[in-house]
Amino acid sequence: MPRTKGDHEARRRDVSEAVWRVLAAHGFGGLTLRAVAAELDATTGLLTHYFPAKRDLVAHALDLLERRTAARPRRPAGKGMSAVRAVLLDVLPLTAEATDSNRIWVSSWDTALADPALSGEYARKYAQSRDKLRDLVAAAQQLGELPAGDPARIAAGAQSFVLGLVVQALFDPSAFPPHHQVELLDDYLATLTSSPSSSGDDVAPS
């Protein structure tokens, strides 16, 4: 019998799920047609209908990663520092799903750094995240929950802190379990509310 559109879409979903499982287990370094075929219990020949070349597989994996990350449930943001805290908590590997997503993101950095176009796209994504965080920091300052200071600089520092915490938690989860990650983030945020470096006197660009 001829395959229907529904059959085709179901197969594409199966392929995407297999790609995701390979990424979660082995990262981008282990992403090959052979690995996805084994996960799918299919032949590599079948997968070439979807991914004629390795770059097509990588492009699909990156798109899948972005879509899954965007669709992940987020904490209610609230206002002021509660919004800043919620956005940063959403980055951390505090659940199995968030851990898989972060493992895949970190494993994709090498791929992105090797491709100038992709590297530029990643830079734009992180800049967009900083811009969002900057606006939340500025709102917290307006509410009097943060001292005056350059919100872009504060946002850059917060992003750098939380990404560093992600890497440490991925490499040493026993030393950085979820509750400890939250404690460290709260410690960091507490320093922002009282740190002299957040004042407007020492944030002139170099």
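Side chains are part of it too, since the values below use all heavy atoms of this structure and drop only hydrogens, waters and symmetry mates.
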* What is the minimum heavy-atom distance between P93 and A169, and which atoms define it? -> CG-CB, 3.8 Å
* Do L46 and V36 share a hydrophobic cluster, counting only Ile, Leu, Val, Met, Phe, Trp and Tyr and linking them when any side-chain heavy atoms are less than 4.5 Å apart? -> yes
* Say whether, by atom type as modelled, one donor and one acceptor occur between the side chain of S160 and the main chain of A156 under 3.5 angstrom. => yes
* Asked: Where the side chain of E145 meets the backbone of G80, is there a donor-acceptor pair that is under 3.5 Å apart?
  -> no
* To do: Please lay out, stage by stage, how W109 and V167 fare under the test side-chain contact (heavy atoms from CB on, under 4.5 Å).
  => CA-CA 12 Å; W109 289 347; V167 172; 4.0 Å; yes
* Sidechain N-carboxylate O distance under 4.0 Å for R134, D131 -> yes
* Asked: Between the side chain of S16 and the main-chain N/O of R13, is any donor-acceptor distance below 3.5 Å?
  -> no
* Asked: Under the ring pair (Phe, Tyr, Trp, His ring centres under 6.0 Å) test, which residues partner F51, sequence neighbours left out?
  -> H60
* **Interatomic spacing from OG1 in T44 to CG in L33 - rounded to 0.5 Å** => 7.0 Å
* **Any side-chain heavy-atom pair of D100 and R68 under 4.5 Å** => no
* Got F176 and L184 here, is their nearest side-chain heavy-atom distance under 4.5 Å? -> yes
* Using side chain to side chain donor-acceptor pair (under 3.5 Å) as the criterion, list what pairs up with E66, not counting sequence neighbours. => K125
* Asked: Hey, is the main chain of D115 close enough, under 3.5 Å, to the side chain of S119 for a donor-acceptor pair?
  -> no
* **Minimum-distance pair of heavy atoms, taken over all atoms of Q181 and L94** => OE1-CD2, 3.6 Å
* To do: Search all heavy atoms of A25 against all heavy atoms of R103 and return the closest pair with its distance.
  => O-NH2, 3.5 Å
* To do: Can you tell me which residue pairs pass the side-chain hydrogen bond (donor to acceptor under 3.5 Å, both in side chains) test with a partner in residues 20-35, sequence neighbours excluded?
  => R21-E39
* Asked: Given V19, which of L64, L47, D14 fulfils the side-chain contact (heavy atoms from CB on, under 4.5 Å) condition?
  -> L64
* Structure fact -> For A35 and G30 the tightest heavy-atom approach is CB-O, 3.6 Å
* Indicate the atoms forming the closest heavy-atom contact of A175 with P177, along with that distance. => C-CD, 3.3 Å
* Asked: With a cut-off of 6.0 Å (strictly less than), are more than 12 heavy atoms of other residues, nucleotides or ligands near CG of D187?
  -> yes
* Sequence-distant partners of S108, side chain to side chain donor-acceptor pair (under 3.5 Å), two or more places apart -> Y122
* Asked: Just how far is it from atom CG of L57 to atom OG1 of T48, taken to the nearest 0.5 Å?
  -> 11.5 Å
* Structure fact -> Nearest heavy-atom approach of N102 to V91 is ND2-O, 2.9 Å
* Structure fact -> Taken in chain and number order and not counting sequence neighbours, the residues that satisfy ring pair (Phe, Tyr, Trp, His ring centres under 6.0 Å) with Y188 are F161
* Asked: Does the side chain of L185 reach to within under 4.5 Å of the side chain of L189, using non-hydrogen atoms?
  -> yes
* **Pairs touching residues 176-186 that satisfy salt bridge (Lys or Arg N to Asp or Glu O under 4.0 Å), sequence neighbours left out** => R85-D186
* Is Y126 reachable from L118 through a run of hydrophobic residues whose side-chain heavy atoms are each under 4.5 Å from the next? -> yes
* Asked: For the atom pair OG1 (T111) and CG (L31), what is the distance rounded to the nearest 0.5 Å?
  -> 8.5 Å
* Asked: Got a second to check how far Q141's CD is from M81's CE, nearest 0.5 Å?
  -> 10.0 Å
